[in-house]
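Beneath this line is the structure, given in structure tokens, with notes to follow.
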Amino acid sequence: MEDKKEENIFPLSKINSIKGTRSLVRSKILQIMYSFFLGKDNLEKEFSHIFYREFNFEENEKKSEKLLKPNEVYELDADKPILWDNSHIEFGQD
């Protein structure tokens, strides 16, 4: 139930995704370490939340002249899921 609640707060795109790379693994591990040292005590939850998404910070905010449907609004607000190879996941966990 907790994961569903978090998904609603931090939605993941159902249309867009990006492919993971070793460089992206390193970046995500630094984000996880930073979060952990700021006092987050659940490292597994932080790993899952940070490692599997590319955060949307509204840098590319799209303007529209029409009313958007709920699923279009969801996609604009959503983070992109990252598709990892098993070797990338193992590299990150190590």
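Applying the salt bridge (charged side-chain N to carboxylate O under 4.0 Å, His left out) test to residues at least two apart or on different chains, the pairs with a partner in residues 78-94 are K19-D85, R53-D79.
Cluster membership for F55 and I29, using ILVMFWY side-chain heavy atoms within less than 4.5 angstrom, is shared. Placement of L30 and F36 in two distinct hydrophobic clusters is found when ILVMFWY residues are connected by side-chain heavy-atom separations under 4.5 Å, directly or transitively. One hydrophobic cluster, built from ILVMFWY side chains closer than 4.5 Å, holds both M33 and L43. Both F37 and I32 belong to a single network of hydrophobic side chains, linked directly or stepwise wherever heavy atoms of I, L, V, M, F, W or Y lie under 4.5 Å apart.
Using a 4.5 Å heavy-atom cutoff, the side chains of L68 and L76 are in contact. Counting heavy atoms from C-beta on, the side chains of I82 and K28 come closer than 4.5 Å. A 4.5 Å side-chain heavy-atom check between Y74 and K14 finds at least one atom pair inside the cut-off.
Remark: N86 CG is loosely packed, at most 12 non-hydrogen atoms of other residues, nucleotides or ligands lying under 6.0 Å away. The neighbour count for E44 CD, taken as heavy atoms of other residues, nucleotides or ligands under 6.0 Å away, does not exceed 12.
To the nearest 0.5 Å, atom CG of residue L24 and atom CD of residue Q31 are 8.0 Å apart. To the nearest 0.5 Å, atom NE2 of residue H49 and atom CG of residue N42 are 12.0 Å apart.
Between P11 and D77, the shortest heavy-atom contact is CG-O, 4.1 Å.
S48 pairs by the side-chain contact (heavy atoms from CB on, under 4.5 Å) definition with Y52, not counting sequence neighbours. When the ring-ring contact (aromatic ring centres under 6.0 Å, His included) test is applied to F51, the partners found at least two apart in sequence or on another chain are F47, W84. When the side-chain hydrogen bond (donor to acceptor under 3.5 Å, both in side chains) test is applied to E75, the partners found at least two apart in sequence or on another chain are S13.
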